[in-house]
Structures are given as structure tokens and as C-alpha cells.
Amino acid sequence: MIEQNKMGIPRVSMPKGDKSEYANISKLAHYITTTSGVVNAKEPFTMITMPSKNATVTVALKADPGIKLSKNITQYDFDIMDAVYSLYINGCNVFSPEMVARMISGNLDGRVSAQKIGSVSRSLNKLRHIDITIDLTDEYIKQGWDLPEDKTLLLRTSYLLPLDIYSAVIPDNGKVLKSRKAVINGEEIEIIAGYEFMKKPVLYTYAEQHGDIECFPMTLLSDPALSDTDENTAIKWYVVRRIAALKKSKNKTKEMREIIYYDEEEQQGAFSDLWYNQNDYSNWRKKKQKIHEAIVAELEVCIREQYIKSYEVIKEGMTIVGVAITVDSEY
């Protein structure tokens with residue numbers, strides 16, 4: 001921990017002016033946040049990133065010893081990473097958990113509950129202790145790029161969030177905010193006062209290199225039609241990322257359409273991507289309906305903000321199996 005005297009306590013402030021968020025829409029980021037068991041796997045995993053050239057990257061994820069938090073990287077963790085990256089792009093090298101909470105909600109002036117600070121801190125504490133190594137050798141060869149003389153440059157490593165910590169920061173209200181422990185929902189959580197980027201996360205330098213960072217308006221997240229729960233936060237960001245990826249696709253047609261399928265017996269869909277397991281619910285049918293309603297509410301916001309052109313609920317008989325989204329191509 002970096003100890004600071006009172007004169008040296010860093011100040012933290014929410015972004016001013018530009019009201020934009022940034023989302024990582026790379027296939028790699030999507031994979032590691034929708035697949036369990038990839039952290040501390042015995043072997044690195046290889047995934048195809050450019051099917052047309054059969055180009056792959058090899059990835060290893062490893063948690064620091066002694067970390068007791070869940071090693072799964074969920075959609076909510078993904079939201080935290082995107083929100084922290086958004087703060088970084090907006091010039092906030094030093095930030096507090098409260099700032100991250102406001103960023104993921106899209107409301108920079110909103111009140112932040114103790115529960116929200118706790119869930120943000122839990123995720124930050126996890127992500128700064130899981131490192132990722134990406135081997136780009138095959139991509140460079142298949143793309144025909146010049147290989148560097150130092151082959152170690154093709155192995156990119158960082159923590160998912162490479163952050164240093166401060167024991168105290170001074171937020172916009174001028175009061176010194178110190179690290180503390182808090183009991184939230186019966187769990188003791190360490191609330192770090194402030195964080196600072198040590199380096200840009202390689203999951204984001206990789207996405208930047210491939211044009212897989214999408215900027216979107218903060219208003220897509222802040223509509224009061226969806227309450228600011230952790231569950232709704234994950235759903236909102238998931239929908240926005242799926243739309244952003246569709247907009248970025250290289251399809252040259254004027255309009256593009258994609259279906260966000262819900263889970264089917266033979267194929268993982270949005271429910272699994274969002275880490276819902278029907279065995280965890282006594283009334284899975286009711287839960288599915290609630291998730292669907294939240295997705296539709298977010299799509300209504302996207303229409304109002306002109307981020308999509310239209311959407312359609314897809315049914316098989318009386319069963320809702322997904323939603324079809326139509327957007328205008330960016331190309």
C-alpha cells in the first residue's frame with residue numbers, strides 16, 4: 001500500500017465534459033467472461049480470433065496464491081474492467097470505488113449505496129490479483145506482420161486490472177476518504193480508498209490494436225426504467241456490448257441484424273453468458289421472464305437514444321427464445 005501524508009494525498013474527480021463510456025468488444029474478452037474454469041487452468045487455452053486466416057492467440061489466466069475470492073470472471077467483472085478503462089480514457093488515472101460505481105451506472109452524480117461500493121470493491125480486489133498472458137505469435141504470422149527480434153514482445157502480460165492502491169484520497173467533496181473494512185450483506189469486504197493505473201491492461205491494448213473498443217453514450221446505462229442493481233448493470237452492459245460488436249462488424253450492408261438467443265439445450269446463450277444457472281432458482285420460468293424484461297427495457301433505451309434501429313422478440317410457439325436487433329452499419 002502506498003502511504004501518503006496529508007499534503008501528498010491524491011485528489012480524485014469524476015470526468016468532466018465528455019459523457020462517453022468505452023466497451024471492450026473483442027472475442028477474447030467475451031470468451032474469458034462467459035466461460036468458467038479458465039483461471040488457473042492446467043493448460044493455456046487457444047482460441048481462433050480471425051477465422052478467415054485461421055489465426056489464433058494462446059491465453060493463460062492465473063490468480064495470485066491465497067486469493068479467496070471467486071476465480072470466475074463474470075459479466076459484472078467485465079463491467080468493472082470497462083468502467084475503469086473508461087475512467088482511464090477520460091483522464092482519471094487515480095480513482096475510487098465510488099467513481100467506478102458511478103461509471104458503471106452511467107450516472108456521474110448519483111448516490112452510491114454501501115452495497116454497490118462493496119460489490120465494486122469485491123470485483124476490483126479480484127481483478128487486480130488475476131494476471132493474463134496473451135501469446136500473439138500465431139496472429140502475427142497469419143497476418144503477415146513483421147515479427148520482432150525480441151520474441152518476448154509477442155507475450156503480453158499484465159493483471160486484468162494492474163492497479164496500485166492508496167490508503168487515502170480526496171474526492172470532489174474535499175473530505176479525506178480512507179481505506180476501511182465494511183460488513184456488507186454479512187461479508188467483510190476491504191474497501192480500498194483509491195487506485196492508480198500501473199500500466200494499461202493488456203486485454204485492452206490487444207482490443208485497441210484490433211479496433212475492438214467501442215465508444216457509446218453514457219445515457220444508455222442511466223435510464224431510470226432499469227433500477228441500478230448489480231444484476232441490471234450486468235444486463236445493460238451485456239446488451240450494449242452485443243450491439244456495439246454488431247455495429248463494428250465488417251458487413252457492408254446498410255442494415256445489419258443479429259439475434260441474441262437465450263439458452264437452448266444444445267447451445268449456450270445470453271442466460272449462460274450472464275451467469276444464470278436454472279438450478280439456482282426455484283421458479284426458473286419466472287426468472288427467465290424477469291431477465292427478458294430487463295433486456296427489452298434496455299433495448300427500448302437504445303431505440304430512444306438512436307443506438308439501434310429496431311428490435312423484435314423472437315418466439316417459437318409461445319416460448320420466447322431471444323431478441324432480434326437491427327442496426328445501421330458503421331461502414
Side-chain angles (χ1 to χ4, degrees), residues 1-18 21-22 24 62-71 73 76-132 157-185 187-205 218 230 233:
M1 178 175 291
I2 300 176
E3 295 294 337
Q4 299 284 309
N5 59 42
K6 191 165 184 179
M7 296 300 295
I9 296 175
R11 292 185 174 272
V12 295
S13 181
M14 292 301 300
K16 311 297 182 187
D18 183 29
E21 303 262 10
Y22 296 85
N24 186 333
K62 184 179 180 182
D64 287 343
I67 300 303
K68 296 180 181 179
L69 294 167
S70 164
K71 306 304 188 299
I73 304 165
Y76 187 78
D77 294 326
F78 199 179
D79 305 340
I80 296 297
M81 287 191 284
D82 277 353
V84 169
Y85 176 81
S86 297
L87 285 168
Y88 174 80
I89 295 299
N90 279 286
C92 301
N93 275 10
V94 182
F95 57 90
S96 66
E98 289 83 353
M99 291 168 62
V100 178
R102 291 189 175 96
M103 195 58 109
I104 61 172
S105 71
N107 185 354
L108 301 189
D109 301 316
R111 177 183 173 275
V112 181
S113 68
Q115 182 178 0
K116 180 67 71 174
I117 294 172
S119 60
V120 167
S121 296
R122 187 187 299 109
S123 181
L124 287 169
N125 293 344
K126 177 204 304 185
L127 295 168
R128 63 183 293 270
H129 286 289
I130 298 176
D131 67 30
I132 178 171
T157 300
S158 79
Y159 285 105
L160 288 174
L161 284 181
L163 305 173
D164 215 334
I165 58 177
Y166 287 94
S167 60
V169 295
I170 303 175
D172 287 334
N173 61 17
K175 297 180 180 179
V176 176
L177 181 66
K178 296 183 178 180
S179 296
R180 67 275 192 198
K181 291 185 183 294
V183 177
I184 299 172
N185 293 336
E187 177 187 0
E188 186 178 75
I189 296 172
E190 185 177 12
I191 312 293
I192 302 298
Y195 299 86
E196 182 177 21
F197 269 101
M198 297 167 64
K199 62 184 289 189
K200 190 182 295 185
V202 299
L203 194 58
Y204 287 81
T205 58
M218 196 172 289
D230 294 349
T233 293

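In this text the structure is predicted, and so the values were computed from the model without any measurement.
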Check: Arg128 side chain, Leu160 main-chain N or O, donor-acceptor pair, under 3.5 Å: no
Stepwise side-chain hydrogen bond (donor to acceptor under 3.5 Å, both in side chains) check, Asp82 with Tyr204: CA-CA 9 Å; Asp82 277 353; Tyr204 287 81; 2.6 Å; yes
Among Val12, Leu87, Val84, the one residue meeting side-chain contact (heavy atoms from CB on, under 4.5 Å) with Cys92: Leu87
Asp64, CG: over 12 other non-hydrogen atoms inside 6.0 angstrom: yes
Close side-chain approach of Lys181 and Ile189, heavy atoms under 4.5 Å: no
Any donor-acceptor N or O pair under 3.5 Å, side chains Asp79, Thr233: no
Parallel, tilted or perpendicular: rings of Tyr195 and Phe95 (30°, 60°): parallel
Beyond-backbone contact of Leu177 with Ile170, side-chain heavy atoms, under 4.5 angstrom: no
Heavy-atom pair with the smallest gap, counting every atom of Pro171 and Val169: CD-O, 3.6 Å
salt_bridge(Glu187, Arg122) N-O dist < 4.0 Å: yes
Tyr76 to Lys116 - nearest heavy-atom pair and separation: OH-CD, 3.9 Å
Validation row: Ile73, Met81 side chains within 4.5 angstrom (heavy atoms): yes
Any Val120 side-chain heavy atom under 4.5 Å of Ile104 side chain: yes
